[in-house]
Structure formats: C-alpha cells, structure tokens
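As structure tokens, the structure follows; a few thoughts come after it.
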Amino acid sequence: MPGVEIASITKEFAGGVTALDALDLSIEDGEFFALLGPSGCGKTTLLRTIAGLEPATSGSLHIGERDVTGLPPGERNVAMVFQDYALYPHMTVRENIAYPLKIKKVARQQRNEEAEGAGGSLSLDALMDRRPGQLSGGQQQRVALARAIACRPDVFLFDEPLSNLDARLRLEARGFLKQLQHDLATTAVYVTHDQSEALALADRMAVMELGEIRQVGTPAALFHRPANLFVAGFIGSTPMNLITGVVGASGVAFAGGVLPVAETSAPHGADVVYGIRPEYVGLAGPGETLAGSVKVTENLGAQFLVTVELGEAQIRATVPEGEEPQIGDRVGVTPDARRALLYDAAEGTLLA
Ligand code: ATP
C-alpha cells in the first residue's frame, strides 16, 4: 500500500488564518500514523487536505507515486471515517456500506458482495438490513468503518472516529481498529485529541501546534525524549516536571536545591529547563538533599503522586506502594538522573 508524502503544504483560509504552515510530512506505506495536538492546531485541516476536501493554498501531496495535489476527493482513492459516522439514515447498513461503490459505478451484485464481506469482517452480518437509526453508536461506527474498508482505499483517513463512544466501547474499538488496520496493511492517518489513543494505536505520530509539526516519531520516542518544551508539556497523562535552573558542576541549580543530571554537554552557567516525568521521581525520607513539604496528593489507582514544594518550585513524585504521605508532610525527592532531560531555556529545544 502506498504512503503519503506531504511537501511544504500551506493552507490559508479566508480571513488570514494560516491553518497549515509549509508543512512537510512523510507517512510510510502501511503505517498507522496519528496526528495529535491541541484544539485549532490544524489536524483536521491536514486530514481534509489529504482527502482533497480542502484545496491546499500551496505545496504538493503524493499518495504513493501519484501526485494527487490537484485531484478531487473521488480520484484520490482514500476513505475517510468521520466522528459522526456520516451514515445515510434512509439507507440500510448494506446500502450504506455499498454506497461509495455505487458512486464508482461498480455493478450491483459485486457491490453487494463487497458490502457483505466488509460487514462480515466487522461482525455486522445480522444487522445488514437495519437502518442507522436502529443501531447503537458502536454499531454505527462499525458500519462507517465497513464502508471505508469496502472501498479498498490506498489510505484510511480517520477524524476522531471513536470520540462519540463511551469509555468502555472506545477501548474495545481501539483494539479492533488496530487489528483491522494491521490485517489490511492499509496506510492510516488518524486525528485525535486523545493522546492515550494516539500512544496506543500509532506506529508513529506527529504533535502539531499552530499549523506546524513540532515532533514526529514513535510513541515511545515522543514520550521518553520530547524534542522541545511544547511536546514535553503536551505528552503524558500527568505532565512532565519542568523546572528552570542553571547548569552547575553537580547538576542543575534552582531555587530549591540542585537537581541531578547523569551527563550533559550543556555548558556550565547555561540557563536550562530540567524535565523529568513524575514516574522517574522517587520519594524518600526528609533527610535527602532535595526535601520539601507535600502540597497535593493524587491517588490515580495504579499510581499515587504527590506534589512537593521545593523552594519556589514544585515537583511531582511517585509514591512507593504502601506509603501514604499526607499534605504538609516533609519528604525527600530523588529524581533519577539518567531520566532527566535538559532543554535550552531560551529556545525550548532538547539539549544532548
Ligand atoms: P480541533 O481539534 O478543535 O478539531 P484542529 O486541530 O482539527 O482542531 P482545524 O479544524 O484544522 O484544527 O483548524 C485549524 C485552524 O484553522 C483553526 O484556527 C480554525 O479556526 C481555522 N479554520 C478551520 N476551518 C476554517 C474555515 N473553514 N475557515 C476559516 N478558518 C478555519
């Protein structure tokens, strides 16, 4: 299956909004690629531009070897699955699934066979004669997916397809979506607000801000080595600790003490932001060099976090199992020096 090559795509809307700003992106053949970012960063515009629903102001777009920049949506061989499923209420499930094939002028018998096949692969066999109004949200979502599969597209484009489902169905749907994409080996571009969804589903992902891509990589790379402060602050269910300080002989000095660093090429005296995830900050007795009082406790089920005040700074730490520090307790914190990341304070970029 072909990949998608986006070269210097800009999209300006009337009124001077630059939704995509000379954006470059290579999505590989067969890859499940997630686009993540805050509201208004341009995710949906990028997806719609790939689909051909939004003409690019400049730049070029290839699907495999084909230059599709000027082609209408129907000639790009992509299938889009929307948040609201966009099913036709007056058609049966079978007719809904087969509809894009009808548009492509595929003969009735063949399109019914394709619809049965795609419906079967999503366990819709018993529902083929129902109308969308007679289906649950999860079933409607599967019909929308079956319709996309029946088209045998080169690329699936997903615009938050799970966001109308309740939490349990969403988790279930995540599993089958990933399995389906794996089995079909079709390139997929997946827009979501939900970073846990992106981290769980994607082979690689991009974090966007203001029409630009801030980082592209595997979920693990973005989680463990965010390339800049924007991504560091954005990725992670609990935000990364980010503490401003100055590089010294034994670590990063800040108002509350010295934070340990394993190794850095940052010069002494450099202004940096010290980044460390709460998962890598341990808790110890108040005898540690870094000690302060507990400000906030958060019991998250598998994880118990505390926010400790260190001078003017605060750091979130993970509480060892069995312990239950209380607000106001004096505790020590022990950041794992090997997990600490340093960012240039002015540029916000990761230092080696
Ligand atoms: P969300 O997560 O909220 O859906 P998004 O990242 O998908 O956001 P887009 O919908 O792509 O963001 O919008 C990007 C920018 O372009 C926003 O500033 C938005 O207001 C603007 N925009 C989107 N569509 C139009 C339009 N038709 N006309 C003018 N501006 C638009």
Could you check whether R339 pairs with E279 (Lys NZ or Arg NE/NH1/NH2 to Asp/Glu carboxylate O, under 4.0 Å)? no
Among L135, L124, L180, which residue satisfies the side-chain contact (heavy atoms from CB on, under 4.5 Å) criterion with R142? L124
Please test E197 against R170 for side-chain contact (heavy atoms from CB on, under 4.5 Å), starting from the C-alpha separation and ending with a verdict. CA-CA 9 Å; E197 204 159 280; R170 224 176 144 132; 3.2 Å; yes
Smallest heavy-atom separation, P226 atom then L341 atom, equals CD-CD1, 3.7 Å
To the nearest 0.5 angstrom, please state how far the OH atom of Y190 sits from the CG atom of L177. 5.5 Å
For E28 and T187, work out which heavy atoms get closest and say how close. O-CG2, 3.5 Å
Contact summary for M205 and I235, nearest pair of heavy atoms: CE-CD1, 3.9 Å
Mind checking what makes ring-ring contact (aromatic ring centres under 6.0 Å, His included) contact with Y99, not counting sequence neighbours? Y88
Which heavy-atom pair separates V308 from G292 by the least distance, and what is that distance? CG1-C, 3.7 Å
Y274: partners by ring-ring contact (aromatic ring centres under 6.0 Å, His included), with sequence neighbours left out: none
Can you measure from NZ (K11) to CG (L23) and round to the nearest 0.5 angstrom? 14.0 Å
Set out, in order, the CA-CA distance, both residues' side-chain angles and the distance that settles side-chain hydrogen bond (donor to acceptor under 3.5 Å, both in side chains) for D194 and T192, then state yes or no. CA-CA 5 Å; D194 180 344; T192 180; 5.3 Å; no
Applying side-chain hydrogen bond (donor to acceptor under 3.5 Å, both in side chains) to E5 and S26, what does each step give before you reach the verdict? CA-CA 5 Å; E5 196 65 39; S26 286; 2.6 Å; yes
salt_bridge(E114, R152) N-O dist < 4.0 Å: yes
Any side-chain heavy atom of F158 sitting closer than 4.5 Å to one from L145? yes
Gap separating the CG atom of L305 from the CD1 atom of I315, nearest 0.5 angstrom: 12.0 Å
Could you walk me through whether E116 and N112 pass side-chain hydrogen bond (donor to acceptor under 3.5 Å, both in side chains), step by step? CA-CA 6 Å; E116 294 291 341; N112 279 343; over 6 Å; no
How close do I97 and P100 get, counting heavy atoms only, and between which atoms? O-CD, 3.4 Å
Using side-chain contact (heavy atoms from CB on, under 4.5 Å) as the criterion, point out the one residue from L259, I276, V272 that pairs with I243. L259
Take L201 and R174 through the test side-chain contact (heavy atoms from CB on, under 4.5 Å) and record every step on the way to the result. CA-CA 7 Å; L201 283 170; R174 220 192 245 183; 3.9 Å; yes
Between F33 and L25 the two heavy atoms that sit nearest each other are CZ-CD1, 3.6 Å
